[in-house]
A.B. asks: 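Below: one structure in structure tokens.
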Amino acid sequence: MRQLVFEETGRYGWHEAPDPAITTADQALVRPLAVACCDLDVAVVDGRVPLTPGYAVGHEGVAEVVAVGDGVSTVGVGDRVVVPFQINCGKCHACRRGRTGSCTSVPLMAMYGMRPLAGLDGGGFMADLVSVPYADAMLVALPANLDPADLIAVASLSDNIPDAWRTVGPFKDDLFGLEPADRRVLVVGRSSIGLYAAAFAAALGAHVDYVDIDVQRLAVAEKFGASAHDRPKPAKEWDPYPVTVHTSADPSVLAAALRATWPDGVCTDTGIYYQPTVEMPLLSMYTRGVRFVTGRVNARAVIPEILGVLAAGCDLSPAVDRVVAWDDAASAWPAMTGKTVFART
Ligand SMILES: [Zn+2]
Ligand SMILES: [Zn+2]
């Protein structure tokens, strides 16, 4: 089979690799149909995250099941499925608790398409075939009536869309227990996750203030129903929010988002900080009882709930910056600047 490999800075190429085969009863083989770049893939392309080249890329995508082991019962050949980027067994204590990103049957950070960071590399989704070791636990079937445009809009359901959902979804009951005028969410965006967070918060009926430095993303946030702001106000001018979302991985912006979180409010940070320490305004947070959430998403656990939100009419397609033909991926991948989806025709 063919797979797209990160060869060296600025260069990606198609390489031949052996076809995976069914070797266990729990396994499935899937053929990716639409693969999205993760925000992290864009950061690797533009040099913000210097990963060592030499690995097969792609870890967000929807696929068609082409073969299943004897023990697989929840999906069958021909089904279209979301493939979570994290590999999880569905049976261990962590999986049973919904902590599917920390499955103890596989090494920590077992995932697809990011070998330098992975405890176990499942290979890249930019490939003709992908092996899914725990098909019943991992794969989530998509509605049969989705057309190709729908598949493109949800290709990020493996990772970035769940990462955005967990910044808002778990707090929706808190938010809607408030007086209507207080149902406000602040999203500090810098990538697709912030856009998806704005979309979910608006779809849930909150007023959303979206802050970013990128004109194009600001326009997308407005399409999602958010009020767009091209710079944060000075901290004392924000009317504080019960729910804040920070995605820029900039410590000074994080501090501003924390100060904009109201007493007993919650701030979720999806950023990855590679520096050993990050300053936080802990006295101000203590005084106001601000809850701070960091960490990796448990993608598989939240995908079914998100599919329900999408079925109720939340349209995430404006977040897709560019759709590229599958065969053009080698030249398009190193030129990505936003959410790019590679689609088989
Ligand atoms: Zn990712
Ligand atoms: Zn597990």
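Whatever order the structure lists them in is the order used to number ligands and atoms, beginning at 1.
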A.B. asks: Does the R97 side chain pair with the main chain of C95, one donor and one acceptor, at a distance under 3.5 Å?
C.D. replies: no
A.B. asks: With a cut-off of 2.8 Å, does D159 put an N/O/S atom close enough to the Zn ion (ligand 1)?
C.D. replies: yes
A.B. asks: Does the distance from a Lys or Arg side-chain N to an Asp or Glu carboxylate O, for D315 and K223, drop under 4.0 Å?
C.D. replies: no
A.B. asks: Using a distance threshold of 2.8 Å, state whether an N, O or S atom of C103 lies below it from the Zn ion (ligand 2).
C.D. replies: yes
A.B. asks: Report the name of the N/O/S atom of H59 located nearest to the Zn ion (ligand 1).
C.D. replies: NE2
A.B. asks: Within rounding of 10°, what is the angle whose vertex is the Zn ion (ligand 2) and whose arms end at SG of C89 and SG of C92?
C.D. replies: 110°
A.B. asks: Tell me whether R217 is salt-bridged to D230, with the criterion being a basic N under 4.0 Å from an acidic carboxylate O.
C.D. replies: no
A.B. asks: Is a salt bridge present between D321 and K339, judged by a nitrogen-to-oxygen distance below 4.0 Å?
C.D. replies: no
